[in-house]
Amino acid sequence: MNINFSKVQKQRLRELDAPLNLQEKSFSSVQDRDEAFRDIEQQLVRQGKQHLLEIRNTSRRPALCELETKLTNVLVKNGFVQVVTPIILAKGMLAKMSITPEQPLFKQVFWVSEDKCLRPMLAPNLYYLLGEFARLYEKPIRVFEVGPCFRKDSKGGHHLNEFTMLNLVELGSPEERGKQRLEELAAIVMEAAGIKDYQLIPASSEVYGETVDVVAGLEVGSGVIGPNALDAQWGWVDPWVGIGFGLERLIMVSKGHQNIQRVGRALMYFDGVRLNI
Ligand code: ATP
Ligand code: MG
C-alpha cells in the first residue's frame, strides 16, 4: 500500500520547511506514517527552537539583515557609493521609466495618493541621482542602494508584496567591457550571498528591453548593459551596467528554503522559523 502524508500533515511539514523528499514520502500503513510524521515534526520543531536560541545567545542576526550588511560592506570595499533614497515615489518618476498605465508593472504599484506610490523598484531614484553625480564625480561612478520595494505580485513561493532590492549601477566604464563588468559585479554579489551555482541568461524586460537575468534555480537578479533609450532624459548618456537583486530570493536559494515568505518581513516567521512551534 502507498500511503502519503495527509493534507493537514503536509501543510504542517511545509510550514516547518521540511525537505521536499520528506514531504513526498510514502508508507505501508497509516500507523507507520503517523509515527514518521510525529518524529519529523518533533525534529523540525527542535531545530527551529535551536535557531531561535542561537539568535538570542550569539551575535547572529536575521539572515536578511546579515546579508544586507555583507553586501553593503563588499560593495563599499569595491568603490561603490551607498545612497539612501525615498520609499515614496512620484508618479512622474515612474512615467520617466516608461511605466505608464499600459505597462504590466503599473498595475502592480501600490498608490498612497493620486500621484504618489510606494516604489516598485530603485532604478528611478538611482537614475535621478546619477544625473547629479555625473556633474559632481569623475567617472566611472559606482552607486548602490538596498532597501524595500513594493509590488502587487501574484502570491506564490517566489513573490512578496514587500521585498528588499539591491540595485547597483556603474556609470562610465568602457562600453566594450559592459558584459564583462556585469559578470564581475554579479560575481561579487553572488559570492557575498554564498551562492556558487548560478548562470547569466539573456532575457527581456518591458522597461529596459534586453536584460541579463542572474538565475540560481530561480531568477535572483536582472541586469542591464546600457546605454539605454531611457537614459537621455535623466541627463546622462554614458555606457553603464546595473543589476537589481532580490535579497529574499538570494536567501531562499542560499538556505534552500522552499518559499520566500519565511525569509521576508513577517509576523508568522522569524528568520525562517515558523513561530507556532
Ligand atoms: P519576476 O519575473 O520573478 O517576477 P521581475 O523580473 O519582475 O521578477 P525585476 O524587476 O527584474 O523582477 O526585479 C529585480 C529582482 O528583484 C528580481 O530578480 C527578484 O530577485 C526581485 N523581485 C522582484 N519582484 C519581487 C517580488 N515580488 N518579491 C520578491 N522579490 C522580487
Ligand atoms: Mg527580472
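For ligands, and for the atoms within them, numbers begin at 1 and follow the listed sequence. These numbers come from the heavy atoms of this one structure, side chains and all, not from hydrogens, waters or symmetry mates. For this chain, numbers begin at 1 and follow the sequence in order.
The distance criterion of under 3.5 Å between nitrogen or oxygen atoms is met by Gly246 with respect to ligand 1. Annotation: Gly221 places an N or O atom under 3.5 Å from an N or O atom of ligand 1; distance criterion only. Ligand 1 has an N or O atom lying under 3.5 Å from an N or O atom of Leu160, backbone or side chain.
The closest protein non-hydrogen atom to atom 11 (O) of ligand 1 is Ser222 OG, 3.0 Å. Atom 6 (O) of ligand 1 has as its closest protein heavy atom Glu219 OE2, 3.1 Å. Nearest non-hydrogen protein atom to atom 27 (N) of ligand 1 is Asp153 OD2, 2.6 Å. In terms of protein heavy-atom proximity, atom 22 (N) of ligand 1 is closest to Phe163 CE1, 3.4 Å. Of the protein's non-hydrogen atoms, the one nearest atom 15 (C) of ligand 1 is Gly244 O, 3.7 Å.
For NZ of Lys107, the number of neighbouring non-hydrogen atoms (other residues, nucleotides, ligands) closer than 6.0 Å is greater than 12. Crowding of Glu183 atom CD: a count of heavy atoms from other residues, nucleotides or ligands under 6.0 Å exceeding 12.
Both tests hold for Lys91 against Trp111: distance to the six-membered ring centre under 6.0 Å, angle to the ring axis within 45°. Note that Lys25 lies outside the cation-pi zone of Phe5, set by a 6.0 Å cut-off to the ring centre and a 45° limit from the axis.
With a 4.0 Å heavy-atom cut-off, ligand 1 is reached by the backbone of Val220 but not by any atom from C-beta on. The proximity of Met165 to ligand 1, defined as any non-hydrogen pair under 4.0 Å, is limited to the side chain. Under 4.0 Å from ligand 1, the heavy atoms of Arg249 that appear belong solely to its side chain. Within the 4.0 Å heavy-atom criterion, the part of Ile260 lying near ligand 1 is the side chain and not the backbone.
Atoms OG of Ser222 and OE2 of Glu219, as seen from the Mg ion (ligand 2), are separated by an angle of 80°, to the nearest 10°.
Side-chain contact check for His51 and Arg46: no donor-acceptor pair (N or O, by modelled atom type) lies under 3.5 Å. For Glu24 and Asn4, the side-chain atoms include no donor-acceptor pair closer than 3.5 Å. A donor and an acceptor atom, one from each side chain of Arg12 and Asn276, are located under 3.5 Å apart. Checking Asp231 against Trp240 by side-chain atom types alone, a donor-acceptor pair falls below 3.5 Å. If you check the side chains of Glu102 and Thr100, you find a donor sitting under 3.5 Å from an acceptor.
A salt bridge does not link Asp17 with Arg274: none of the charged nitrogens is closer than 4.0 Å to a carboxylate oxygen.
Residue contact check for ligand 1: Glu248 places no non-hydrogen atom closer than 4.0 Å to it.
With distances taken over non-hydrogen atoms, the option nearest atom 12 (O) of ligand 1 out of Lys152, Arg151, His159 is Arg151.
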